[in-house]
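Remember, predicted model here, so these are calculated numbers, not experimental data. One-based numbering along the sequence shown.
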Amino acid sequence: GEDKWHLRKARSLIKLLALSAGHHLHREQIMDALWPDVGTKAASNNLRRVLHSTRKTLDPALGSRYLASEGELLTLCPTGALWVDVEAFEEAAATARREREPAAYRAALDLYAGELLPTDRYEEWAEDRRQQLRRLDLALLVELADIYEERGENGAAIEALTRVTAEEPAHEEAHAALMRLYALSGNEAEALRQYERLEEALSKELGVGPNASSLALREEIASGRFPSEGTRERRIALDDSASLGRHNLPATRSSFVGRETELRSVKRDLARTRLLTLTGAGGCGKTRLALEVARELIGAYPDGVWLVELAALSEGALIAQSVAAALGVREQPDRSLTDTLVDFLRAKRTLLVLDNCEHLVEAVARFVDALLDSCPHLRVLATSRESLNV
């Protein structure tokens, strides 16, 4: 907790390293960031004092293991995996831009936790990264809206762009896109009101008016000439399987409401770890929650989201067969099915949903451990009355 850190600069040091590439920085880079206005000797003395305090706070006996010195480099958690939400967000954003699927964009946007380090608002070393992440979040929303518009899902596109203008009222590109979408939906009055919102926001925040293209769009809509001959309404006729993504999840039979916080929490936790188990008593809704999470992540996993139901299995030896059946993997002579599955999944970005593991928990744990050990892009979401303890 923040109360354990006696020196504010010690907290800043940890944050600075966590945000840096590879979680390491040269000592001079750290001194320039944390003490930009003092001489080299004073900054070096300050760093030495802060290092001592930081290591003592991390672990009085083994602080150097978590904050190591190697020559002039300082490294945070050099021997273990360090999960940083910023990195998870940026990685998910890159995946979304590769896949161009709404689900992948939604998964990335769920990982954006808002303003970076709000308690360090006036630290120069945090400000650039803060603005970079904010711009990335807004850019993803604009791109998602563009994809929705291409698919003819104007309502979803409007919702995404409304989030942009709520966050950045003077975002002219988003306002213009909203004007166009409202007009395409036959709501010219709302399109014109959107122009008024743009005009007001630009005047208030920047002291300028809308650019020529926004004004021309407004005139087209007001005069009834929109869409004009030069305006092309984008539509892509998609094959059903392509729009749904690769999965074997059952169709929903009823709406799922009231658990949005849990949905977001589980998706974030799944981005942090390669194995996540939803535990709880029978009948508490573990399976339904897991299926909703998996359904929202279709498209975020280019090699598919696959459900494997284990409740009917009587012995652990059948686990691999059930997974193979879900994935369409065939057994090979003179080879274990687990090894065959490892080879099949090794380079794939896949989500496996293993439902009802409790009666086979030890066998499931061994099987999952073998897969995760050799398949770096595989993630497993399990439901069980007890943890797998892998």
Side-chain angles (χ1 to χ4, degrees), residues 81 83 85 87-111 241-252 256 259 262-279 285-311 319-329 338 340-357 364-365 367-384 387-388 390:
W83 186 88
D85 57 354
E87 292 179 350
F89 170 54
E90 291 176 325
E91 181 181 341
T95 299
R97 284 171 161 172
R98 285 196 304 270
E99 301 304 324
R100 295 284 296 174
E101 285 289 336
Y105 275 87
R106 291 194 299 267
L109 289 164
D110 281 338
L111 290 172
S241 62
S243 64
L244 291 174
R246 301 184 63 200
H247 70 93
N248 66 341
L249 303 179
T252 55
F256 186 81
R259 301 182 75 177
E262 289 174 279
L263 277 171
R264 287 194 299 270
S265 176
V266 172
K267 285 191 286 186
R268 283 183 179 174
D269 286 343
L270 192 58
R272 299 171 61 169
T273 180
R274 296 176 56 220
L275 168 62
L276 178 65
T277 307
L278 305 184
T279 61
K286 301 183 296 294
T287 295
R288 184 66 193 277
L289 179 59
L291 289 177
E292 286 300 320
V293 169
R295 192 169 285 111
E296 291 201 5
L297 291 176
I298 293 171
Y301 292 88
D303 296 302
V305 175
W306 307 104
L307 170 65
V308 184
E309 297 176 334
L310 304 180
I319 296 170
Q321 293 182 17
S322 296
V323 174
L327 295 172
V329 174
T338 298
T340 302
L341 286 168
V342 165
D343 281 352
F344 178 79
L345 292 168
R346 193 184 305 276
K348 288 183 166 57
R349 296 181 179 273
T350 301
L351 174 64
L352 278 184
V353 182
L354 304 181
D355 190 31
N356 292 308
C357 301
V364 172
F367 174 75
V368 168
D369 197 32
L371 292 186
L372 294 177
D373 191 47
S374 301
C375 306
H377 305 300
L378 173 67
R379 275 186 164 80
V380 177
L381 176 61
T383 72
S384 176
S387 174
L388 299 187
V390 174

* Asked: Do R106 side-chain atoms and E101 backbone N/O form a donor-acceptor pair below 3.5 Å?
  -> no
* **Backbone of T383 reached by a side-chain donor or acceptor of D355 within 3.5 Å** => no
* Decide yes or no for L327 and L352: does some side-chain heavy atom of the first lie under 4.5 Å from some side-chain heavy atom of the second? => yes
* Asked: What's the shortest heavy-atom distance between T273 and L275, and which atoms?
  -> OG1-O, 3.1 Å
* To do: With rounding to the nearest 0.5 Å, note down the distance linking CG in L249 to CZ in R295.
  => 5.5 Å
* With no hydrogens and no angle check, is any side-chain donor or acceptor of N356 less than 3.5 Å from a backbone partner on L310? -> no
* Taking side chain as C-beta onward, heavy atoms only, is R246 less than 4.5 Å from W306? -> yes
* Structure fact -> Heavy-atom nearest pair, S387 first then T277, reads CA-CG2, 4.5 Å
* **Under 3.5 Å: donor-acceptor pair, side chain of R274, backbone of C375** => yes
* Close side-chain approach of R349 and E99, heavy atoms under 4.5 Å -> no
* To do: Work out which heavy atom in A300 is nearest to a heavy atom in T95; give both atom names and the distance.
  => O-CG2, 3.8 Å
* To do: Flag the pair S374 / R346 as yes when at least one side-chain heavy-atom distance between them is below 4.5 Å, and no otherwise.
  => yes
* Just wondering, do L388 and L354 contact through their side chains at under 4.5 Å, heavy atoms? -> no
* Asked: With side chains defined as the heavy atoms from C-beta onward, is the minimum distance between L371 and V380 less than 4.5 Å?
  -> no
* To do: List in chain and number order the residues that pass salt bridge (charged side-chain N to carboxylate O under 4.0 Å, His left out) with K267, two or more places apart in sequence or in another chain; answer none if no residue qualifies.
  => D110, E296
* Asked: Do you know which two heavy atoms are closest between A92 and L111, and how far apart they sit?
  -> CB-CD1, 3.7 Å
* Asked: Backbone N or O of A271 within a donor-acceptor pair of the W83 side chain at under 3.5 Å?
  -> yes
* Asked: Going by distance alone, is a donor N or O of one side chain under 3.5 Å from an acceptor N or O of the other, for S265 and R268?
  -> no
* Asked: Counting distance only, does the side-chain N/O of R379 pair as donor-acceptor with the main-chain N or O of L270 below 3.5 Å?
  -> yes
* To do: Indicate yes or no for a side-chain donor-acceptor contact from T350 to the backbone of L378 under 3.5 Å, with no hydrogens or angles considered.
  => no
* Are the side chains of L381 and L297 in touch, meaning some heavy atoms are under 4.5 Å apart? -> no
* With the side chain counted from C-beta on, respond yes when P250 and L307 share a heavy-atom pair under 4.5 Å apart, and no when they do not. => yes
* To do: Mind listing the closest non-hydrogen atom pair of A370 and T338 along with its distance?
  => CB-CG2, 4.2 Å
